[in-house]
Each structure stands twice: as C-alpha cells, then as structure tokens.
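First up is the structure itself, then whatever we jot down about it.
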Amino acid sequence: MIIEQGRDGKRGQFPIGLRVLAVDDDPTCLMLLEILLNHCQYHVTTTTQATTALKLLRENMFDLVITEVHMPDMDGFKLLQLVRLKMDLPVIMLSANASTEDVMKATTHGACDYLVKPVHIKELKNIWQHVIRRKMKGYYSMDLHTNLGHRQEMHQKFVAAVIKLGIDKALPSKILDLMNVEKLTIENVASHLQIYRPYLKKLSCMALQK
DNA sequence: CATTGAATAT
DNA sequence: CATATTCAAT
C-alpha cells in the first residue's frame with residue numbers, strides 16, 4: 001500500500017491501492033461493491049464464494065477483507081473467524097438486514113466494522129483507517145499490547161451483555177453481574193457505558209431499520 | 001445506594 | 001486523543 005501526500009493544498013494522507021478482498025454471493029451486489037471500492041482507488045479483488053476467498057487469502061497479500069454475512073457455501077461469521085484466527089486481518093461485515101444477533105456476533109467475533117446495504121461510498125472511503133490502526137499495534141510495547149487485548153475482551157463481554165439486556169434496559173448493575181468478571185466495579189461499567197452509549201444507540205438503530 | 005453527567009487524570 | 005477515574009448532583 002502506498003500513502004500519497006495530499007496535493008493541491010489538501011492536508012492529510014490518502015491511501016492508494018489498498019488491497020481489498022470483497023466477498024458476496026450475490027453477483028450484482030458484488031459488482032456494485034467493486035465499482036464503489038474502485039472509486040475509492042483501492043486495489044479490489046472479488047469472489048462470490050467464501051471458500052475461494054480463503055484460497056485467495058492464502059495465495060495473495062491483502063490489507064483488508066469485506067464480506068457478506070449470509071452466504072450459501074459458508075457463513076460469513078465462519079469466514080470472519082477463520083481470517084481473524086489465521087492471518088489477523090481487519091474484516092468488515094456486510095449485510096442487507098442487520099439483526100441484533102448478527103451485529104452482536106460480528107462485534108464479539110472481532111469484526112472491525114458492520115455495514116448495512118445499500119453501502120455508500122462515504123462509508124468505504126474511511127475503511128482504510130482500520131488497516132492503519134492494526135499496523136500501529138506493532139509499535140506498542142508488550143505489556144501495553146496485552147492490556148489492549150484485555151480491554152478488547154472486556155469490551156466484547158460488555159457489548160454482548162448490553163445487547164442481551166436490550167439497550168434501553170441496560171443498567172450498569174445488570175451489566176456487571178451479567179459479565180461476571182472479577183475485580184470489575186460498577187463504576188468501571190458505568191464509565192464504559194457512558195462512553196459507549198452513542199455507539200450502542202447506533203447498533204440498535206441499525207438493527208431496527210432492517 | 002444506583003445512576004448519570006461532567007471534570008480530571010492517565 | 002481515547003478512555004479510565006473521580007466527583008457532584010439526582
């Protein structure tokens with residue numbers, strides 16, 4: 001991937017040729033997705049099968065994977081799981097109808113984003129940031145690294161608990177004993193809840209709009 | 001006492 | 001800058 005300095009007075013950097021693998025069993029959606037990604041100046045590879053996606057990932061280098069959730073040959077979450085486990089790439093989930101369970105599954109299984117069809121270019125223009133963030137991890141020290149891992153686990157349990165309760169019924173005390181993690185106080189949960197409420201609202205809205 | 005919002009601190 | 005801790009008000 002090449003980072004090009006912004007020209008004509010525009011500040012900031014823009015990624016050219018980010019290698020994206022797009023997976024969708026629906027050819028029409030896949031084609032649309034490819035066009036959109038190309039407009040973002042990414043280097044796009046497409047496939048309609050999750051199994052071939054895995055083969056492509058084994059043979060080529062990619063920076064990011066974006067995949068449909070519901071596919072005939074393999075569940076999108078299965079693909080997510082395999083990719084995250086084997087090659088530690090950022091994965092973005094894509095679906096026409098975002099049920100609460102699907103969004104929860106995606107977040108708890110380590111997807112870095114969840115897009116609802118129809119996808120618009122605005123959303124795709126920002127996905128390269130996931131790649132940058134992942135590469136930044138290499139600069140962190142060991143203990144910081146493990147701390148981040150611990151935080152992510154906490155956050156996953158947190159999100160799972162909140163969605164299980166329902167966003168409206170999710171109170172710190174309820175979340176706390178639903179997570180049942182040692183050395184975790186109500187204040188910790190309350191603080192985390194305070195910060196993540198907008199994010200959780202977005203998840204619920206996504207699930208509602210279908 | 002639990003919850004929330006906001007000020008600090010890391 | 002994100003998020004954790006702490007404090008004040010409800």
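All values below were derived from every heavy atom in this structure, side-chain atoms included, with hydrogens, water molecules and symmetry-related copies excluded. Each chain gets a letter, A, B and so on, in the order its sequence line appears, and its residues count up from 1.
For the pair C112(A)/I92(A), a side-chain contact is recorded, criterion being any heavy-atom separation below 4.5 Å from C-beta on. Taking 4.5 Å as the limit, some side-chain heavy atom of V181(A) sits within range of a side-chain heavy atom of M154(A). Counting heavy atoms from C-beta outward, V20(A) and H43(A) have side chains that stay 4.5 Å or more apart.
Not counting sequence neighbours, D25(A) has no partner by the side chain to side chain donor-acceptor pair (under 3.5 Å) test. Remark: E68(A) engages K117(A) in a salt bridge (Lys or Arg N to Asp or Glu O under 4.0 Å) (not counting sequence neighbours).
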Please list, one pair per line, the donor and acceptor atoms closer than 3.5 Å that link side chains of residues 49-62 of chain A to other protein atoms, with sequence neighbours excluded.
residue	atom	partner	partner atom	Å
T51(A)	OG1	D73(A)	OD2	3.3
T52(A)	OG1	T47(A)	OG1	2.5
T52(A)	OG1	Q49(A)	O	2.8

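Below 30°, between 30° and 60°, or above 60°: for Y196(A) and H155(A) the angle between ring planes is between 30° and 60°, a tilted geometry.
For the contact set between residues 184-195 of chain A and DNA chain C, defined by any heavy atom under 4.0 Å, the members are N188(A), S191(A), H192(A), I195(A). Contacts of residues 173-182 of chain A with DNA chain C (heavy atom under 4.0 Å): none.
In this structure, CG on L37(A) lies 6.0 Å from CD1 on I66(A), to the nearest 0.5 angstrom. The CG atom of L64(A) sits 8.0 Å away from the OH atom of Y42(A) when rounded to the nearest 0.5 Å.
For the residue pair T185(A)/N188(A), the side-chain donor-acceptor check at 3.5 Å is satisfied.
Nucleotides of DNA chain C lying under 4.0 Å from heavy atoms of chain A occupy a range whose first and last members, 5' to 3', are dT3(C) to dT5(C).
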